[in-house]
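See below for the structure under consideration.
Proteins come first, then strands; the chains are lettered A, B, ... in the order of their sequence lines, and each starts at number 1.
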Amino acid sequence: MIEISRIREQKDEVVNGLKVRGLDVATEVEQILNLDKQWRTKKQEMDSALAEMNQISKEIGQLFQQGKKDEAEAAKQKTGELKERSQTLKTEFSDLEKQINDLLLNIPNVPNKLVPEGATEDDNEVVFEKGTIPTFDFNALPHWDLATKYDIIDWEMGVKVTGAGFPFYKNQGARLQRGLINFFLDEAIKAGYSEYVPPFVINEDSGYGTGQLPDKEGQMYQVTADNLYLIPTSEVPLVNTLRGDRVKKEDLPIKLTAYSPCFRREAGSYGKDVRGLNRLHQFDKVELVMASDQESSYQELDKMVEHVKGLLEKLELPYRILRLCGGDLGVTAAITYDFEVYSTAQERWLEISSCSNVETYQANRMKLRYKDEEGNTKLCHTLNGSALALPRVIAGILENHQDANGINMPKALVPYVGFERIQ
RNA sequence: GGAGAAUUGGCAGAGUGGUCGAAUGCGGCAGUCUUGAAAACUGUUGUGCGGCAACGUACCGGGGGUUCGAAUCCCUCAUUCUCCGCCA
């Protein structure tokens with residue numbers, strides 16, 4: 001959630017910044033400022049009414065203690081109207097607060113200056129590209145056929161047991177999955193992240209803290225009996241470990257990593273986009289999360305991007321990095337770098353990681369703060385990135401490292417999976 | 001799942017419905033003393049919101065209620081501990 005102070009003090013920057021997303025929030029901003037003005041007036045009215053009430057109550061108390069019961073009773077009579085008035089003021093005050101809050105919740109994060117203007121993914125900016133796309137002199141297969149051919153993923157078994165989008169990994173496929181998780185976690189630990197194993201379900205407050213609620217509850221699986229949600233990414237439990245915290249500046253950045261399955265309903269997705277491993281309802285991911293001070297968050301984002309680059313190079317996959325345009329940027333992000341791996345057989349790029357600086361957007365909601373050198377309380381910046389999402393890594397490995405009768409493992413992965421080749 | 005006890009400031013721990021934002025101790029910060037440090041002593045020390053400020057207001061696990069007035073009474077939820085049951 002955007003800070004109200006930012007709208008008060010830098011309204012033009014906010015309005016102009018959001019134009020990059022193709023949004024015009026000029027009217028909303030004016031509405032907020034107007035309500036904010038009313039809110040402040042109401043706050044003063046309410047506070048002085050309460051002050052008056054407190055004063056009278058105190059006097060009544062003193063009268064009782066002095067044994068002047070009649071005077072006290074008389075004073076009680078006078079409070080009725082005042083009490084009613086302060087009740088009304090309280091209601092009006094919280095109504096205003098709610099209105100402002102609702103409007104603020106609907107304003108996405110203001111994009112960083114580097115974010116290109118644009119409406120759709122076609123306007124994303126390719127900022128880096130590496131690796132060679134292999135050419136095959138045999139009939140190269142897409143990963144779903146390779147997976148079936150080498151009996152490492154069973155799609156029908158998943159449909160039978162659960163439904164579409166919940167495949168079983170088997171044999172070398174299961175070991176590949178397990179090896180990748182360990183590989184990614186070890187690399188994250190080497191980069192200074194602390195490893196957590198988080199809960200895979202979260203409560204409402206956590207959903208609100210990271211921004212899944214109140215808008216996107218339809219994208220999460222719900223455990224209605226207990227009012228819990230299956231996590232769509234371990235970013236949610238990881239960032240929420242810091243909810244409401246006041247951290248020491250010298251402890252920043254706080255760097256957390258976790259492996260978790262991710263559950264997404266993906267309502268409305270269909271067709272070739274969801275074929276094979278392209279889009280699943282449950283998939284595994286190793287996530288990176290960081291809380292930093294305001295000054296160094298962009299340097300930390302660069303480090304995170306470097307880390308992910310390193311992973312893809314060790315996996316010997318052709319990839320590119322996109323800077324998302326305003327229209328493609330998620331609501332909470334100020335900037336996002338997407339990593340895409342090339343799917344040789346599908347002849348398309350698959351998103352495999354997304355590294356974002358959310359700045360204060362989550363920290364403001366969850367009141368995650370630190371004190372700077374002058375002793376001023378400031379909101380942290382939070383960052384998150386995938387390192388990496390497993391299914392598309394597997395798709396990439398299968399398709400790019402295939403030959404006529406098998407799939408070669410990248411060297412870095414061999415000690416983790418315990419074999420050099422799937423065949 | 002059943003029964004009981006508890007939840008107070010960074011921590012520990014008081015708190016009869018009315019000068020309680022909250023005793024006291026520890027810790028923190030500043031100072032005195034000291035060549036320096038420790039000890040001792042003195043002072044100071046929660047957070048949010050509004051306000052130029054004075055100040056006001058809110059916060060004693062969360063939410064609701066009773067009352068002129070709630071940390072204190074009632075309801076409800078959550079969490080922790082003890083006992084019983086069940087169980088990987």
Side-chain angles (χ1 to χ4, degrees), chain A residues 1-9 32-104 197-209 213-214 222-229 237 240-252 254 360 362-380:
Chain A
M1 185 164 73
I2 193 161
E3 297 150 82
I4 181 99
S5 56
R6 195 159 167 196
I7 291 183
R8 280 184 198 148
E9 288 152 26
I32 288 168
L33 286 173
N34 182 25
L35 286 166
D36 181 54
K37 215 170 171 182
Q38 294 178 47
W39 176 87
R40 283 192 274 182
T41 315
K42 196 64 78 183
K43 163 92 175 151
Q44 295 196 10
E45 271 182 68
M46 180 184 73
D47 279 356
S48 56
L50 289 173
E52 219 177 313
M53 279 294 290
N54 288 341
Q55 181 57 33
I56 293 176
S57 296
K58 208 178 259 181
E59 284 165 13
I60 294 175
Q62 281 166 358
L63 289 172
F64 270 119
Q65 281 185 333
Q66 291 161 14
K68 299 175 181 168
K69 285 216 171 92
D70 297 342
E71 284 181 54
E73 290 299 337
K76 267 200 208 178
Q77 303 303 315
K78 294 191 295 191
T79 56
E81 196 191 335
L82 184 59
K83 194 182 179 184
E84 210 169 294
R85 198 167 80 87
S86 63
Q87 295 282 343
T88 314
L89 286 168
K90 269 191 200 172
T91 314
E92 290 170 350
F93 175 77
S94 43
D95 279 355
L96 282 169
E97 209 162 50
K98 188 176 183 314
Q99 283 181 56
I100 293 168
N101 211 38
D102 287 350
L103 284 166
L104 285 176
V197 180
F200 301 155
V201 289
I202 47 122
N203 60 27
E204 255 184 332
D205 285 347
S206 295
Y208 183 83
L213 299 175
Q222 298 191 35
V223 185
T224 47
D226 296 295
N227 207 18
L228 299 171
Y229 300 83
N240 273 288
T241 57
L242 301 167
R243 173 151 46 87
D245 282 3
R246 211 165 256 286
V247 296
K248 292 191 187 123
K249 185 168 181 184
E250 57 264 34
D251 292 337
L252 295 172
I254 294 167
T360 58
Q362 286 174 335
N364 183 40
R365 260 196 208 200
M366 60 169 70
K367 298 292 172 252
L368 168 57
R369 291 164 295 196
Y370 67 99
K371 257 197 180 113
D372 69 7
E373 287 81 358
E374 284 98 58
N376 299 313
T377 299
K378 282 186 163 173
L379 292 167
C380 290

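A gap of 38 Å separates the C1' atoms of B:rA3 and B:rA58, to the nearest Å.
Of all the heavy atoms in A:Asn364 and A:Lys367, the pair that sits closest is O-NZ, 2.7 Å.
For A:Arg246, there are no salt bridge (Lys or Arg N to Asp or Glu O under 4.0 Å) partners, not counting sequence neighbours. Scanning for salt bridge (Lys or Arg N to Asp or Glu O under 4.0 Å) contacts around A:Lys68 gives an empty result, with sequence neighbours left out. Applying the side-chain contact (heavy atoms from CB on, under 4.5 Å) test to A:Asp251 and every residue at least two apart in sequence or in another chain returns A:Lys248. For A:Asp102, the salt bridge (Lys or Arg N to Asp or Glu O under 4.0 Å) test picks out A:Lys98, with sequence neighbours left out. Partners of A:Arg6 according to the salt bridge (Lys or Arg N to Asp or Glu O under 4.0 Å) rule, which considers only residues two or more places apart in sequence or in another chain, do not exist here.
Going from atom NZ of A:Lys37 over to atom C1' of B:rG51 covers 16 Å, rounded to whole Å.
The one candidate from A:Leu368, A:Asp245, A:Thr241, A:Leu242 that meets the side chain to side chain contact (heavy atoms under 4.5 Å, CB included) condition with A:Ile254 is A:Leu242.
Taking the side chain as every heavy atom from C-beta outward, A:Lys76 and A:Glu73 approach each other to under 4.5 Å. Between A:Gln38 and A:Leu35, some side-chain heavy-atom pair lies under the 4.5 Å cut-off.
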Set out, line by line, the N/O atom pairs under 3.5 Å between protein and nucleotides 15-19 of chain B.
from, atom 1, to, atom 2, distance (Å)
B:rG18, N2, A:Ser57, O, 2.7

Identify each atom pair where a protein N or O and an N or O of nucleotides 27-29 of chain B are less than 3.5 Å apart, giving names and distance.
none

All N/O pairs under 3.5 Å across the protein-nucleotides 44-47 of chain B interface:
from, atom 1, to, atom 2, distance (Å)
B:rU47, O3', A:Arg246, NH2, 3.3

Under 4.0 Å protein heavy-atom contacts per nucleotide of nucleotides 56-61 of chain B, with B for base, S for backbone only and - for none: BSS---
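Both A:Met53 and A:Trp39 lie near RNA chain B, and the one whose nearest nucleotide falls closer to the 5' end is A:Trp39.
Sorted by first then second residue, the salt bridge (Lys or Arg N to Asp or Glu O under 4.0 Å) pairs that include residues 38-54 of chain A, not counting sequence neighbours, are A:Asp36-A:Arg40, A:Lys42-A:Glu92, A:Lys43-A:Asp47. The ring-ring contact (aromatic ring centres under 6.0 Å, His included) pairs that include a residue from residues 42-97 of chain A are A:Trp39-A:Phe93, where partners are two or more places apart or lie in different chains.
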A:Tyr208 and A:Met366: CA distance, side-chain angles, deciding distance, side-chain contact (heavy atoms from CB on, under 4.5 Å) verdict: CA-CA 8 Å; A:Tyr208 183 83; A:Met366 60 169 70; over 6 Å; no
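Side-chain contact, A:Asn54 with A:Ser57: no donor N or O sits under 3.5 Å from an acceptor N or O. Side chains of A:Gln55 and A:Glu59: a donor-acceptor N/O pair is present below 3.5 angstrom, by distance only.
Remark: RNA chain B forms stems of 3 or more consecutive Watson-Crick or G-U wobble pairs, all pair distances under 3.5 Å, at B:1-7 with B:78-84, B:10-12 with B:24-26, B:27-32 with B:40-45, B:46-50 with B:55-59, B:61-65 with B:73-77.
No more than 12 heavy atoms of other residues, nucleotides or ligands lie within 6.0 Å of NZ in A:Lys58, so this atom counts as exposed by the packing criterion.
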